[in-house]
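None of these values were measured; they are calculated from a predicted model.
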Amino acid sequence: MNLMSSNTTIGSLTLGIQIIDAVAQSDIPLKFSDIQEITGISKSNLYKYLNTLTQMDLLFRDQKRGYFSLGYKFLEYGTAALQNADFIGRLTPYFKEISKLTSMTTLLATWINDGPVITNIWNTNYGLNIGAQVGTKLPLSSSSGKIFAAYANSLEITNWIEQEQQTIEQFNIAKFQRELKQIRMEHFTYSYEPLVRHVSSIGFPILNYKHELVGSFSVVGFSEDVPSAFDTDIIQRIISMSKEMSAIYGYKEKEE
(Lines give C-alpha, C1' and ligand atoms only; values in the text may rest on other atoms or scores of the structure.)
Protein backbone atom coordinates (compact mmCIF):
# COMPACT_ATOMS: atom_id res chain seq x y z
CA MET A 1 0.00 0.00 0.00
CA ASN A 2 1.40 3.41 -0.95
CA LEU A 3 0.90 5.58 2.13
CA MET A 4 1.94 8.72 0.23
CA SER A 5 -0.61 8.48 -2.57
CA SER A 6 -2.77 11.56 -3.18
CA ASN A 7 -5.87 9.67 -2.04
CA THR A 8 -4.48 9.10 1.46
CA THR A 9 -3.06 12.56 2.26
CA ILE A 10 -4.75 15.49 4.03
CA GLY A 11 -4.78 18.55 1.81
CA SER A 12 -4.97 21.11 4.61
CA LEU A 13 -2.03 19.52 6.42
CA THR A 14 -0.03 19.56 3.20
CA LEU A 15 -0.70 23.28 2.79
CA GLY A 16 0.29 23.93 6.38
CA ILE A 17 3.60 22.16 5.85
CA GLN A 18 4.16 24.12 2.63
CA ILE A 19 3.88 27.33 4.67
CA ILE A 20 6.36 26.01 7.24
CA ASP A 21 8.74 24.96 4.45
CA ALA A 22 8.56 28.43 2.90
CA VAL A 23 9.51 30.05 6.20
CA ALA A 24 12.18 27.46 7.02
CA GLN A 25 13.90 27.74 3.63
CA SER A 26 14.13 31.52 3.77
CA ASP A 27 17.31 33.13 5.11
CA ILE A 28 15.25 35.98 6.57
CA PRO A 29 11.81 36.27 8.25
CA LEU A 30 8.94 36.57 5.76
CA LYS A 31 6.06 38.99 5.47
CA PHE A 32 2.50 37.81 4.91
CA SER A 33 2.71 38.89 1.28
CA ASP A 34 5.97 36.94 0.82
CA ILE A 35 4.39 33.73 2.07
CA GLN A 36 1.30 34.29 -0.05
CA GLU A 37 3.44 34.77 -3.16
CA ILE A 38 5.52 31.65 -2.47
CA THR A 39 2.66 29.30 -1.60
CA GLY A 40 -0.11 30.69 -3.80
CA ILE A 41 -2.64 30.22 -0.98
CA SER A 42 -5.51 32.71 -0.99
CA LYS A 43 -5.16 35.57 1.48
CA SER A 44 -8.23 34.60 3.51
CA ASN A 45 -7.08 30.99 3.91
CA LEU A 46 -3.47 31.96 4.52
CA TYR A 47 -4.51 34.19 7.40
CA LYS A 48 -6.23 31.21 9.07
CA TYR A 49 -3.22 28.93 8.53
CA LEU A 50 -0.75 31.48 9.90
CA ASN A 51 -2.96 32.19 12.90
CA THR A 52 -3.22 28.46 13.67
CA LEU A 53 0.51 27.77 13.21
CA THR A 54 1.40 30.77 15.37
CA GLN A 55 -0.94 29.70 18.17
CA MET A 56 0.67 26.25 18.10
CA ASP A 57 4.15 27.87 18.36
CA LEU A 58 5.19 26.33 15.05
CA LEU A 59 5.62 29.86 13.71
CA PHE A 60 6.57 33.07 15.48
CA ARG A 61 5.13 36.45 14.45
CA ASP A 62 7.04 39.61 15.24
CA GLN A 63 4.28 41.82 16.63
CA LYS A 64 6.04 45.06 15.66
CA ARG A 65 6.97 44.25 12.08
CA GLY A 66 4.59 41.41 11.30
CA TYR A 67 7.32 39.10 10.02
CA PHE A 68 7.10 35.31 10.42
CA SER A 69 9.89 32.91 11.41
CA LEU A 70 10.00 29.38 12.81
CA GLY A 71 8.59 28.97 16.32
CA TYR A 72 10.31 27.52 19.36
CA LYS A 73 8.49 24.20 18.93
CA PHE A 74 11.00 23.29 16.22
CA LEU A 75 13.83 23.62 18.74
CA GLU A 76 12.05 21.02 20.86
CA TYR A 77 11.47 18.77 17.84
CA GLY A 78 15.08 19.15 16.68
CA THR A 79 16.46 18.28 20.10
CA ALA A 80 14.21 15.24 20.31
CA ALA A 81 15.25 14.12 16.83
CA LEU A 82 18.95 14.37 17.70
CA GLN A 83 18.40 12.38 20.88
CA ASN A 84 16.39 9.66 19.18
CA ALA A 85 18.20 9.34 15.84
CA ASP A 86 21.15 6.96 15.78
CA PHE A 87 22.64 8.08 12.48
CA ILE A 88 25.82 6.02 12.81
CA GLY A 89 23.68 2.99 13.51
CA ARG A 90 21.71 3.66 10.32
CA LEU A 91 24.85 4.17 8.25
CA THR A 92 26.82 1.20 9.59
CA PRO A 93 25.05 -1.44 7.42
CA TYR A 94 26.03 0.56 4.32
CA PHE A 95 29.68 0.80 5.38
CA LYS A 96 29.81 -2.91 6.16
CA GLU A 97 28.29 -3.70 2.78
CA ILE A 98 30.80 -1.43 1.01
CA SER A 99 33.73 -3.07 2.82
CA LYS A 100 32.40 -6.49 1.88
CA LEU A 101 31.78 -5.41 -1.72
CA THR A 102 35.29 -3.99 -2.17
CA SER A 103 37.27 -6.19 0.27
CA MET A 104 38.77 -2.91 1.48
CA THR A 105 38.65 -0.71 4.56
CA THR A 106 35.90 1.90 4.90
CA LEU A 107 36.31 4.92 7.16
CA LEU A 108 34.01 7.77 8.17
CA ALA A 109 35.34 11.29 8.70
CA THR A 110 33.55 14.25 10.25
CA TRP A 111 34.62 17.82 10.94
CA ILE A 112 35.89 18.18 14.51
CA ASN A 113 37.34 21.48 15.79
CA ASP A 114 39.74 22.40 12.99
CA GLY A 115 39.76 19.60 10.45
CA PRO A 116 38.29 16.34 9.15
CA VAL A 117 38.86 13.53 11.65
CA ILE A 118 38.38 9.77 11.35
CA THR A 119 35.55 8.78 13.69
CA ASN A 120 34.81 5.20 12.61
CA ILE A 121 36.60 2.45 10.71
CA TRP A 122 35.09 -0.70 9.22
CA ASN A 123 37.98 -2.99 8.38
CA THR A 124 37.69 -5.95 6.02
CA ASN A 125 41.36 -6.16 5.07
CA TYR A 126 43.00 -6.51 8.49
CA GLY A 127 46.46 -6.79 6.97
CA LEU A 128 46.25 -3.30 5.45
CA ASN A 129 47.97 -0.38 7.15
CA ILE A 130 45.99 2.70 6.11
CA GLY A 131 48.36 5.02 7.97
CA ALA A 132 45.64 6.31 10.28
CA GLN A 133 43.29 5.33 13.08
CA VAL A 134 40.22 6.70 14.83
CA GLY A 135 41.04 10.26 15.88
CA THR A 136 43.51 10.93 13.06
CA LYS A 137 43.19 14.32 11.35
CA LEU A 138 43.17 13.94 7.59
CA PRO A 139 45.09 16.22 5.20
CA LEU A 140 43.69 18.12 2.24
CA SER A 141 45.34 15.63 -0.12
CA SER A 142 43.30 12.71 1.25
CA SER A 143 40.04 11.76 -0.40
CA SER A 144 38.06 12.85 2.66
CA GLY A 145 40.03 16.10 2.78
CA LYS A 146 39.13 16.86 -0.82
CA ILE A 147 35.46 16.06 -0.16
CA PHE A 148 35.40 18.57 2.70
CA ALA A 149 37.11 21.16 0.51
CA ALA A 150 34.60 20.61 -2.30
CA TYR A 151 31.63 21.25 -0.01
CA ALA A 152 33.21 23.92 2.19
CA ASN A 153 30.51 26.18 3.62
CA SER A 154 32.23 27.96 6.52
CA LEU A 155 35.12 30.31 7.15
CA GLU A 156 36.65 27.67 9.41
CA ILE A 157 36.93 25.15 6.57
CA THR A 158 38.13 27.84 4.14
CA ASN A 159 40.93 28.78 6.55
CA TRP A 160 41.86 25.11 6.90
CA ILE A 161 42.08 24.76 3.11
CA GLU A 162 44.40 27.79 2.87
CA GLN A 163 46.65 26.44 5.63
CA GLU A 164 46.80 23.00 4.03
CA GLN A 165 47.67 24.46 0.62
CA GLN A 166 50.81 26.02 2.11
CA THR A 167 52.10 22.57 3.11
CA ILE A 168 51.89 21.17 -0.44
CA GLU A 169 54.79 21.83 -2.77
CA GLN A 170 53.95 23.51 -6.08
CA PHE A 171 50.27 23.58 -5.27
CA ASN A 172 48.21 24.41 -8.37
CA ILE A 173 45.16 26.36 -7.21
CA ALA A 174 43.44 26.44 -10.61
CA LYS A 175 43.82 22.68 -11.07
CA PHE A 176 42.58 22.06 -7.54
CA GLN A 177 39.48 24.21 -8.07
CA ARG A 178 38.67 22.24 -11.23
CA GLU A 179 38.99 19.03 -9.24
CA LEU A 180 36.62 20.33 -6.55
CA LYS A 181 34.06 21.27 -9.19
CA GLN A 182 34.31 17.75 -10.62
CA ILE A 183 33.77 16.27 -7.16
CA ARG A 184 30.56 18.24 -6.71
CA MET A 185 29.34 17.03 -10.09
CA GLU A 186 30.24 13.36 -9.63
CA HIS A 187 29.94 12.89 -5.82
CA PHE A 188 33.26 11.09 -5.92
CA THR A 189 37.01 11.65 -5.73
CA TYR A 190 40.23 9.62 -5.93
CA SER A 191 43.40 10.16 -3.93
CA TYR A 192 46.69 8.48 -4.80
CA GLU A 193 48.74 7.43 -1.75
CA PRO A 194 48.03 10.51 0.44
CA LEU A 195 49.26 9.02 3.75
CA VAL A 196 51.13 5.78 3.12
CA ARG A 197 53.01 4.43 0.13
CA HIS A 198 51.09 1.85 -1.91
CA VAL A 199 47.77 2.79 -0.21
CA SER A 200 45.19 4.91 -2.06
CA SER A 201 41.53 5.78 -1.51
CA ILE A 202 38.26 6.89 -3.04
CA GLY A 203 36.00 9.34 -1.22
CA PHE A 204 32.28 10.10 -1.21
CA PRO A 205 30.12 12.75 0.48
CA ILE A 206 27.17 12.34 2.82
CA LEU A 207 24.92 15.38 2.33
CA ASN A 208 21.88 16.75 4.14
CA TYR A 209 18.62 18.31 2.98
CA LYS A 210 20.42 21.60 2.28
CA HIS A 211 23.04 19.78 0.18
CA GLU A 212 25.57 20.59 2.90
CA LEU A 213 28.22 18.09 3.95
CA VAL A 214 27.43 15.95 7.00
CA GLY A 215 30.52 13.79 6.64
CA SER A 216 32.75 11.99 4.20
CA PHE A 217 33.53 8.32 3.86
CA SER A 218 36.47 6.74 2.09
CA VAL A 219 37.27 3.29 0.78
CA VAL A 220 40.95 2.52 1.33
CA GLY A 221 43.09 -0.23 -0.17
CA PHE A 222 46.30 -1.11 -1.96
CA SER A 223 46.80 1.29 -4.85
CA GLU A 224 46.57 -1.38 -7.52
CA ASP A 225 43.18 -2.51 -6.16
CA VAL A 226 41.49 0.88 -5.73
CA PRO A 227 39.38 1.89 -8.77
CA SER A 228 39.96 5.44 -9.94
CA ALA A 229 37.58 5.85 -12.90
CA PHE A 230 34.18 7.42 -12.28
CA ASP A 231 32.37 5.16 -14.77
CA THR A 232 33.44 1.84 -13.22
CA ASP A 233 30.61 -0.34 -11.96
CA ILE A 234 31.87 -0.53 -8.38
CA ILE A 235 32.20 3.24 -8.00
CA GLN A 236 28.74 3.78 -9.45
CA ARG A 237 27.33 1.30 -6.94
CA ILE A 238 29.04 3.09 -4.05
CA ILE A 239 27.83 6.50 -5.29
CA SER A 240 24.29 5.10 -5.32
CA MET A 241 24.72 3.92 -1.72
CA SER A 242 26.19 7.27 -0.68
CA LYS A 243 23.05 9.00 -1.98
CA GLU A 244 20.90 6.54 -0.02
CA MET A 245 22.89 7.45 3.09
CA SER A 246 22.42 11.14 2.33
CA ALA A 247 18.68 10.54 2.06
CA ILE A 248 18.71 9.66 5.77
CA TYR A 249 19.58 13.31 6.32
CA GLY A 250 16.84 14.51 3.97
CA TYR A 251 18.99 14.86 0.83
CA LYS A 252 17.23 14.92 -2.52
CA GLU A 253 18.90 15.31 -5.90
CA LYS A 254 18.19 18.61 -7.60
CA GLU A 255 16.03 18.39 -10.68
CA GLU A 256 17.72 19.45 -13.90
I need the minimum non-hydrogen distance between Ile234 and Pro227, along with the two atoms involved. CG2-CG, 3.5 Å

Restricting to pairs with a member in residues 27-70, which pass ring-ring contact (aromatic ring centres under 6.0 Å, His included), not counting sequence neighbours? none

Restricting to non-hydrogen atoms, name the atom on Glu186 and the atom on Ile239 that form the minimum distance, rounded to 0.1 Å. O-CD1, 3.5 Å

Report the residues that fulfil side-chain contact (heavy atoms from CB on, under 4.5 Å) with Ser44, sequence neighbours left out, ordered by chain and then residue number. Ser42

Mind checking the CD-OG spacing from Glu212 to Ser154? Nearest 0.5 Å is all I need. 10.0 Å

Which pair of non-hydrogen atoms, one from Ile157 and one from Ala152, has the smallest distance, and what is that distance? CG2-CB, 3.5 Å

Any pair counted as salt bridge (Lys or Arg N to Asp or Glu O under 4.0 Å), so long as it reaches residues 144-169, sequence neighbours left out: Lys146-Glu179

Within the supplied structure, the quantity of interest is the number of heavy atoms (other residues, nucleotides, ligands) at a distance under 6.0 Å from Ile173 CD1; does it exceed 12? no

Is Tyr209 linked to Ile17 within one hydrophobic cluster, defined over Ile, Leu, Val, Met, Phe, Trp and Tyr using a side-chain heavy-atom separation of less than 4.5 Å? no

The criterion is side chain to side chain donor-acceptor pair (under 3.5 Å); which residues satisfy it with Glu193, sequence neighbours excluded? Ser223

Evaluation steps, side-chain contact (heavy atoms from CB on, under 4.5 Å), between Thr39 and Leu15: CA-CA 8 Å; Thr39 63; Leu15 290 177; over 6 Å; no

Straight-line distance of Leu53 CG to Ile20 CD1, nearest 0.5 Å: 5.0 Å

Just to verify, which of Thr105, Leu108, Val219, Leu107 counts as forming a side chain to side chain contact (heavy atoms under 4.5 Å, CB included) with Trp122? Leu108

Per-pair distances, 0.1 Å, donor-acceptor, side chain in residues 244-252, under 3.5 Å, sequence neighbours excluded:
| from | atom 1 | to | atom 2 | distance (Å) |
| --- | --- | --- | --- | --- |
| Glu244 | OE1 | Tyr94 | OH | 3.2 |
| Ser246 | OG | Leu207 | N | 2.8 |
| Ser246 | OG | Ser242 | O | 3.1 |

Salt bridge (Lys or Arg N to Asp or Glu O under 4.0 Å) contacts in which one or both residues fall within residues 14-23, not counting sequence neighbours: none

Are Phe230 and Met185 linked, directly or through other ILVMFWY residues, by side chains that come within less than 4.5 angstrom of each other? no

With clusters defined by side-chain heavy atoms of hydrophobic residues (ILVMFWY) lying less than 4.5 Å apart, directly or transitively, does Ile112 cluster with Ile147? no

When the side chains of residues 130-145 are checked against the rest of the protein, which donor-acceptor pairs come out under 3.5 Å, sequence neighbours left out?
| from | atom 1 | to | atom 2 | distance (Å) |
| --- | --- | --- | --- | --- |
| Thr136 | OG1 | Gln133 | N | 3.0 |
| Thr136 | OG1 | Gln133 | O | 2.9 |
| Lys137 | NZ | Asp114 | OD1 | 2.6 |
| Lys137 | NZ | Asp114 | OD2 | 3.2 |
| Ser142 | OG | Pro139 | O | 2.7 |
| Ser142 | OG | Gly145 | N | 3.0 |
| Ser143 | OG | Ser201 | OG | 2.9 |
| Ser143 | OG | Ser218 | OG | 2.8 |
| Ser144 | OG | Ser216 | OG | 3.3 |
| Ser144 | OG | Ser218 | OG | 2.8 |

Are Leu46 and Leu59 in one and the same hydrophobic cluster, where Ile, Leu, Val, Met, Phe, Trp and Tyr link if side-chain heavy atoms are under 4.5 Å apart? yes

Test: salt bridge (Lys or Arg N to Asp or Glu O under 4.0 Å). Region: residues 55-65. Which pairs qualify, not counting sequence neighbours? Asp62-Arg65

Distance in Å, Lys210 NZ paired with Asn153 CG, rounded so as to fall on 0.5 Å steps: 9.5 Å

In the structure I gave you, are the side-chain heavy atoms of Leu91 and Ile206 within less than 4.5 Å of one another anywhere? yes

May I ask whether Ile183 and Phe217 are part of the same hydrophobic cluster, defined by side-chain heavy atoms of I, L, V, M, F, W, Y residues being less than 4.5 angstrom apart, directly or through others? no

Could you walk me through whether Thr102 and Ile238 satisfy the side-chain contact (heavy atoms from CB on, under 4.5 Å) test, starting with their C-alpha distance in whole Å, then the side-chain angles of each, then the deciding distance to 0.1 Å, before giving a yes or no? CA-CA 10 Å; Thr102 61; Ile238 299 174; 4.0 Å; yes

Provide the closest heavy-atom pair for Pro205 versus Leu213 in the form atom of the first, atom of the second, distance. CB-CD1, 3.6 Å

Rounded to the nearest 0.5 Å, how far does CD1 of Ile41 lie from CD of Gln18? 6.0 Å

Scan for ring-ring contact (aromatic ring centres under 6.0 Å, His included) pairs involving residues 155-194, sequence neighbours excluded, and state none if there are none. Trp111-Trp160, Phe171-Phe176, Phe188-Phe204

Residues pairing under salt bridge (Lys or Arg N to Asp or Glu O under 4.0 Å) where one sits in residues 22-32, two or more places apart or in two chains, turn out to be none

Can you measure from CG (Asp225) to OG (Ser103) and round to the nearest 0.5 angstrom? 9.0 Å

For Gln36 against Lys43, the heavy-atom pair lying closest together: CG-CG, 4.0 Å

Quick check: closest heavy atoms across Leu30 and Ala22, and the distance to 0.1 Å? CD1-O, 3.5 Å

Between Ser240 and Gln236, is there a donor-acceptor pair closer than 3.5 Å when you use the side chain of the first and the backbone of the second? no

Let me confirm one number: the CG-CG distance from Asn159 to Leu155, rounded to the nearest 0.5 Å. 4.0 Å

List for me each residue that meets side-chain contact (heavy atoms from CB on, under 4.5 Å) alongside Gln163, sequence neighbours excluded, and say none if there are none. none

Can you list the residues that meet the side-chain contact (heavy atoms from CB on, under 4.5 Å) rule with Arg184, with sequence neighbours excluded? Ala150, Tyr151, Leu180, Lys181

